[in-house]
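Worth saying up front: this structure is predicted, and the values here are computed from it rather than measured.
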There are 2 protein chains.
Amino acid sequence: MELSERKRKILQAIVDDYVSTAEPVGSRSIAKKHDLGLSSATIRNEMADLEELGYLEQPHTSAGRVPSQLGYRLYVDQLMNRYKLTVAEIQNIQYAMELKIKELNELIQHVSSVISRLTQYTTIVSTPQLKKSSIKYLQLVPIDSKSALLVIITNAGIVKNRTIKISEGVNVEFLSKLTAILNDKLAGLTIEQINLQKIQEIKKEMISNEEMLMPILEHISDTITDIDSGEIYLGGATNIFNFPEYNDIEKAKEFFSFVEEKKNLYKLLNNFQNHYLKSNNTINISIGKENEFSEIQDCSLVTSTYSLGGKIVGMIGIIGPTRMEYAKTVSSLEYLTKQFNQMLLKWLSEGNSD
Amino acid sequence: MELSERKRKILQAIVDDYVSTAEPVGSRSIAKKHDLGLSSATIRNEMADLEELGYLEQPHTSAGRVPSQLGYRLYVDQLMNRYKLTVAEIQNIQYAMELKIKELNELIQHVSSVISRLTQYTTIVSTPQLKKSSIKYLQLVPIDSKSALLVIITNAGIVKNRTIKISEGVNVEFLSKLTAILNDKLAGLTIEQINLQKIQEIKKEMISNEEMLMPILEHISDTITDIDSGEIYLGGATNIFNFPEYNDIEKAKEFFSFVEEKKNLYKLLNNFQNHYLKSNNTINISIGKENEFSEIQDCSLVTSTYSLGGKIVGMIGIIGPTRMEYAKTVSSLEYLTKQFNQMLLKWLSEGNSD
DNA sequence: TTTTAGCACTCATTAGATTAGAGTGCTAAC
DNA sequence: GTTAGCACTCTAATCTAATGAGTGCTAAAA
């Protein structure tokens, strides 16, 4: 059943009020503040209906109403007005984003902290995932008798590297020969296509020195497989204290325990990344219990993605209470994501890369 | 004035009790629990003296006594019994420390999380600072027309690298020539000895191509200067919720806001690092207002250092309420630091390095 | 038929009052 | 010098009453 226009107006008013006050909203205050031309009694009747339909909830009989999860969902999907960032806000964002940065992870961390400062919510940002990136070039750089540096350059321009152990006695010549063969065999492949088996094909080309080759190949395979370490940066977690719903120590503890564990955040973002691959929204909103983690089921999560070379490689997420300023958050995140994508591209094109 | 043995016993008893209960300690409970052979009235008199001397405080007239900062200091310096880790605890530590780790930062992060789990306090660990390390070897690896990878290997075996921009048109030959000269000039110097001026001496050796050399040298100088990025990992911040003194939202917020800012932690640890350079304690304890940050002046900080090549390169700190199990914390940290130093050495000697 | 005024009712929150209890300080006896 | 005893203090817990925001229902008005 479609809601009447009047019910929709009233629901919208309730959500708007509740978001800004955090107090259950009563019929009288709606009648007063919003010019609906209705008496409180009428609104009261409509509210009773909306509650019956599942869009509102009552903390206790003599309190006002609070939007239910369903209510927020309807609000987000159909009712909320698009928020247009003010010039001042845009300037603020642009100003905050400016910063000389040397390393990619620093850039990501900075973006995370900027977003949480601007939105006053908690932010999580993942570093670029390279599984889908292809290898442009790789090189083994000798370090000492026991180790070498494996440098991997992806098509998007990101450079990753890690030291690997080599058998003693492997010489420079051997490494450069191996480098050439590795490039021949692996360049163009995506990270996720590379596994030990693939790498072992190289054995054939380097028939000699098998006993020192194998352990190196294993190390290279391992390294490539997990070089895509997928870190996550958290910003502004303490912002949660600004919301009265987290004035309860137990709730605050639950929240912090959840976000302290990077594994949780990783899973959380990953769930949504899949979502973007299917739909082609730029922004996704997950309200309350719509996400699987019980610890943050009083929270909503607004996410977006960023890309390199046309492929989604990372995510940005904003976590706040379900009573969140959805419209403003969405607009801010949209703009911030666009800015970030540009920054990233510019940064990589300037010759930075890891 | 020296405290009488009896006063010392009583103070010790009070600190011990308060640490375990978090409740002000009364004369009667001391008389009962601790076998001092004294009546509560006598203890009461002694406690009044101890308060007058500044070792105890009274939250209000009809409450028991609580150790003052001075009281904790005396306790820590003179009264507390050395705690000997049990076999089970040692096994627990050894078991927790075991983990296959690929990157140095992961190792540090892991140690931080282990320590906070074992002690139930909050832990901060700094990554190795390389200012005092000397350069064993460096190399420029060409990446593409606009960038190269500068690889720096320190005497302790730690490898750092970062991409730097190069002028277009710089060829491989140029880079390898530059690499040779850089090594000739810089190998053996410590990171902090290197500055732009030092690097510019290289100009003389490479008279040609000055216009493309200068920007590269600047980049190299910048990179070396700030490669010692000094990250800090935080573990178990939510443990603070387990202490009744942090059941107050305002206090919890203050604490989290402080530890969320890496800059604060960096400063905090740095202050103490200087301390270790002067004295040669292995463990340092800072109680309450003894540290400069007002946000954590109800906390105590137990720190230790770790070294590479005989030089202190990093710090481990444990933050808890001033009402902390000092003896046990000190013993645990001592043991954990020793273990960590060993792990680090073993890890580097196995050919890992960044 | 829809809207609204009016009123009785509910229930969380707050303030005030009372009580219980832990602990002290002091005095006088040991 | 030590201790028993007691009056006194102050917090924390419990209870009570008052307040008031908000509802649901009914009957009148539109």
Side-chain angles (χ1 to χ4, degrees), chain A residues 3-11 13-18 20-68 71 244-245 247-249, chain B residues 3-11 13-18 20-68 71 244-245 247-249:
Chain A
L3 284 187
S4 71
E5 188 54 28
R6 193 166 78 178
K7 283 200 173 57
R8 294 161 67 92
K9 279 253 166 60
I10 290 173
L11 179 56
I14 292 171
V15 175
D16 283 336
D17 277 19
Y18 184 64
S20 66
T21 65
E23 297 290 336
V25 182
S27 54
R28 214 175 99 87
S29 77
I30 294 289
K32 256 193 187 169
K33 270 194 261 177
H34 301 261
D35 220 4
L36 302 174
L38 295 170
S39 74
S40 68
T42 309
I43 293 172
R44 211 144 52 230
N45 289 330
E46 294 287 49
M47 282 166 81
D49 288 355
L50 284 167
E51 181 173 359
E52 209 173 335
L53 291 166
Y55 296 109
L56 295 177
E57 281 168 356
Q58 221 173 357
H60 55 84
T61 24
S62 73
R65 256 70 169 214
V66 161
S68 68
E245 35 275 76
N247 276 1
D248 174 41
I249 281 283
Chain B
L3 285 186
S4 71
E5 189 55 28
R6 193 166 78 180
K7 283 201 173 58
R8 294 161 66 93
K9 279 253 166 60
I10 290 173
L11 180 56
I14 291 171
V15 175
D16 282 336
D17 278 19
Y18 184 63
S20 65
T21 65
E23 296 290 337
V25 183
S27 55
R28 214 175 100 86
S29 77
I30 293 290
K32 256 193 188 168
K33 271 195 261 178
H34 302 261
D35 220 4
L36 301 174
L38 295 170
S39 73
S40 68
T42 308
I43 292 171
R44 210 142 54 230
N45 289 330
E46 294 287 48
M47 281 166 80
D49 289 354
L50 284 168
E51 181 173 359
E52 208 174 337
L53 292 166
Y55 297 108
L56 295 178
E57 282 167 357
Q58 221 173 355
H60 54 85
T61 24
S62 73
R65 255 78 168 206
V66 161
S68 69
E245 34 275 78
N247 275 1
D248 174 41
I249 281 283

**Prompt:** What is the distance from atom OG1 of Thr42(B) to atom CD of Glu46(B), rounded to the nearest 0.5 Å?
**Reply:** 8.0 Å
**Prompt:** Looking at five pairs on each end of the helix from dT1(C)-dA30(D) to dC30(C)-dG1(D), what is the angle between the two axes, given to 10 degrees?
**Reply:** 20°
**Request:** Check whether any side-chain nitrogen or oxygen of Thr61(B) sits under 4.0 Å from OP1 or OP2 of dC8(D), and answer yes or no.
**Result:** no
Using nucleotides 4-6 of chain D, report all nitrogen or oxygen pairs with the protein that are shorter than 3.5 Å.
{"unit_1": "dG5(D)", "atom_1": "O6", "unit_2": "Arg44(B)", "atom_2": "NH2", "d": "3.1"}

**Complete:** Of all heavy-atom pairs linking Arg8(B) and Leu3(B), the shortest is CD-O, 3.6 Å
**Asked** Nearest-Å distance, CG (Asp17(B)) to P (dA22(C))?
**Response** 16 Å
**Request:** Find the distance Lys33(A):NZ to dG22(D):P and express it as a whole number of Å.
**Result:** 10 Å
**Prompt:** Whole Å only: how far is the CG atom of Leu50(A) from the P atom of dG24(D)?
**Reply:** 12 Å
**Request:** Find the distance Arg65(A):CZ to dT23(D):C1' and express it as a whole number of Å.
**Result:** 7 Å
**Request:** Can you figure out which of dT4(C), dG24(D), dT24(C) approaches the side chain of Gln58(A) most closely?
**Result:** dG24(D)
**Request:** Figure out the CG/P separation between Asn45(B) and dT2(D), and round it to whole Å.
**Result:** 9 Å
**Message:** Once side chain to side chain contact (heavy atoms under 4.5 Å, CB included) is applied, do any residues pair with Asp17(A), and if so which ones, sequence neighbours excluded?
**Reply:** Val25(A), Ser29(A), Ile30(A), Lys33(A), His34(A)
**Request:** Report the distance from atom CG of Leu38(A) to atom P of dA29(D), rounded to the nearest whole Å.
**Result:** 21 Å
**Prompt:** When we call it a touch if two heavy atoms are under 4.0 Å apart, what does Thr42(B) touch: a base, just sugar-phosphate, or nothing?
**Reply:** base
Please enumerate all protein N or O atoms sitting under 3.5 Å from an N or O of nucleotides 12-20 of chain D, with distances to 0.1 Å.
none

**Message:** Among residues at least two apart in sequence or on other chains, which ones pass side chain to side chain donor-acceptor pair (under 3.5 Å) with Arg44(A)?
**Reply:** Ser27(A), Ser40(A)
Under 3.5 Å, N/O pairs linking protein and nucleotides 17-20 of chain C:
none

**Item:** Nucleotide dG1(D), atom P - distance to CZ of Arg6(B) in whole Å
**Value:** 10 Å
**Message:** If I take atom OH from residue Tyr55(B) and atom CD1 from residue Ile14(B), how far apart are they, to the nearest 0.5 angstrom?
**Reply:** 13.0 Å
